[in-house]
Amino acid sequence: GVARARSSSQRPSTRSPPHPCAAEAEAARLEVLGAANMQGEGSAIRATYVRSARRKITKLTKDYPSLEKNAIEAQKQFQAFQQQVQMQQQREAMAGGGSQQQNMMRQYQMMQAMRQAYGEVAIITHEFHRVRKLRETDFGPDDSWLALAGECFKSEPLNEKQIKGGTSNVVMSLAVFVLCPFHNVTQYKFDEEKERDAVEKETRRLEGQAREQERKAEREKERDQKGKEKGGSEGEGEGESEGEGEGGAVAAAVAADADVNATVTSIGEAEEESG
């Protein structure tokens with residue numbers, strides 16, 4: 001029986017490898033779990049979009065009437081100002097007089113005033129049309145995609161092969177895309193040297209801010225330390241002055257008692273002599 005047990009323990013294992021179906025089932029299970037996690041993350045992101053969209057809708061609804069009123073008033077004021085300038089030009093042309101240089105200077109000032117007024121009106125009307133377009137745009141269920149309005153996303157530098165699938169240029173140029181949802185897409189040439197300089201400049205700015213904050217913290221610490229030391233020295237000085245004052249008062253009282261005793265003694269001696 002012992003020999004049979006030993007011989008059976010020395011035989012190689014006959015355990016079969018995992019079945020291919022079990023491995024495929026495990027891979028499918030992990031894939032489903034990954035998809036479920038991704039869906040959960042997407043739902044959480046969409047919830048934040050919905051909350052942001054609701055805030056923007058509330059703000060747009062509140063601001064739209066005042067923007068519309070401001071745009072109409074600005075256009076009316078610009079038209080009135082334009083008519084006033086035209087009438088002024090006609091009066092000056094009919095009146096004549098003045099040198100050519102003075103007339104040109106007046107014309108230039110009027111044109112500058114017109115440009116400034118038009119620029120102010122353009123800003124107001126542009127904001128009004130932007131808000132009106134947002135109100136008229138379909139941003140999907142619950143207006144969740146409204147949260148991306150006004151946001152822009154920048155791509156990594158892409159070469160011509162990645163963009164067009166190929167190029168005849170020996171040295172491939174790089175491009176960067178900026179996507180602003182519901183507005184536009186911009187492509188510009190990527191300059192690695194300029195980009196590196198911009199990053200270095202921003203890094204130096206942040207490091208300078210950090211150093212300035214450290215120096216400020218050190219100055220505040222030194223100021224607090226000096227304040228504590230000054231408060232302690234003032235307390236000791238007050239204690240010494242109070243001690244000196246009390247000692248002086250005691251000495252004065254002793255001297256006064258001695259003077260009184262001397263006076264009483266002299267009066268007694270005088271009385272004895274007179275007696």
Side-chain angles (χ1 to χ4, degrees), residues 34 37-64 66-67 70 116 119-120 122-131 133-134 137 139 142-159 162-163 172-242:
N37 292 334
M38 186 180 298
Q39 184 177 4
E41 294 175 358
S43 299
I45 294 173
R46 186 179 181 279
T48 60
Y49 283 175
V50 171
R51 289 194 295 269
S52 177
R54 288 173 180 170
R55 290 194 296 268
K56 287 188 175 182
I57 290 173
T58 302
K59 189 175 186 305
L60 290 174
T61 304
K62 180 181 178 181
D63 295 345
Y64 184 80
S66 60
L67 289 173
N70 293 338
Q116 183 178 357
E120 294 174 356
I123 293 173
I124 297 173
T125 53
H126 173 75
E127 180 65 13
F128 167 68
H129 290 305
R130 186 186 71 83
V131 173
K133 184 179 179 181
L134 289 176
T137 303
F139 292 101
D142 299 326
D143 290 318
S144 56
W145 296 115
L146 176 60
L148 299 180
E151 302 290 337
C152 292
F153 303 91
K154 183 178 178 181
S155 73
E156 295 294 327
L158 303 173
N159 57 42
Q162 292 172 308
I163 299 171
M172 290 186 294
S173 62
L174 298 176
V176 173
F177 293 86
V178 179
L179 169 63
C180 300
F182 313 106
H183 184 53
N184 62 7
V185 179
T186 306
Q187 175 186 350
Y188 66 90
K189 186 177 180 181
F190 178 78
D191 191 328
E192 187 174 357
E193 185 176 354
K194 288 184 179 179
E195 192 76 12
R196 186 170 57 251
D197 293 342
V199 171
E200 291 178 355
K201 183 178 180 181
E202 181 66 14
T203 303
R204 289 194 299 270
R205 186 184 68 83
L206 295 175
E207 289 177 352
Q209 286 183 351
R211 287 194 297 270
E212 181 62 27
Q213 291 177 356
E214 290 177 358
R215 287 194 293 266
K216 184 178 179 181
E218 290 177 358
R219 289 195 297 268
E220 291 179 354
K221 186 177 179 180
E222 291 177 359
R223 192 182 304 114
D224 295 340
Q225 187 66 25
K226 289 180 180 179
K228 292 179 180 179
E229 292 176 356
K230 184 178 180 182
S233 61
E234 288 179 354
E236 292 177 358
E238 290 177 358
E240 291 177 357
S241 60
E242 288 177 359

Kindly write out the residues that satisfy side chain to side chain donor-acceptor pair (under 3.5 Å) with His126, not counting sequence neighbours, or none if the list is empty. none

Pairing residues for Arg211 by the salt bridge (charged side-chain N to carboxylate O under 4.0 Å, His left out) criterion, not counting sequence neighbours: none

Checking Arg130 now: which residues fulfil salt bridge (charged side-chain N to carboxylate O under 4.0 Å, His left out) with it, not counting sequence neighbours? Glu127

Test side-chain contact (heavy atoms from CB on, under 4.5 Å) applied to Glu41 - qualifying residues, sequence neighbours left out: none

Applying side-chain contact (heavy atoms from CB on, under 4.5 Å), can you list everything that pairs with Ile163, at least two apart in sequence or on another chain? Leu158, Ala175, Phe177

With Ser173, which residues qualify under side-chain contact (heavy atoms from CB on, under 4.5 Å), at least two apart? Glu160

So, does Ser52 use its side chain to make a donor-acceptor pair with the main chain of Thr48 at under 3.5 Å? no

Could you list the residues that satisfy side-chain contact (heavy atoms from CB on, under 4.5 Å) with Glu200, not counting sequence neighbours? Arg196, Asp197, Arg204

Mind checking what makes side chain to side chain donor-acceptor pair (under 3.5 Å) contact with Lys59, not counting sequence neighbours? Asp63

Would you mind writing out the side-chain donor-acceptor pairs for residues 214-226 within the sub-3.5 Å range, not counting sequence neighbours?
| unit_1 | atom_1 | unit_2 | atom_2 | d |
| --- | --- | --- | --- | --- |
| Arg215 | NH2 | Glu212 | OE1 | 2.9 |

Which residues share a ring pair (Phe, Tyr, Trp, His ring centres under 6.0 Å) with Tyr64, sequence neighbours left out: Phe128

Once ring pair (Phe, Tyr, Trp, His ring centres under 6.0 Å) is applied, do any residues pair with Phe153, and if so which ones, sequence neighbours excluded? none

Which residue pairs pass the salt bridge (charged side-chain N to carboxylate O under 4.0 Å, His left out) test when at least one of the two sits in residues 145-154, sequence neighbours left out? Lys154-Glu195

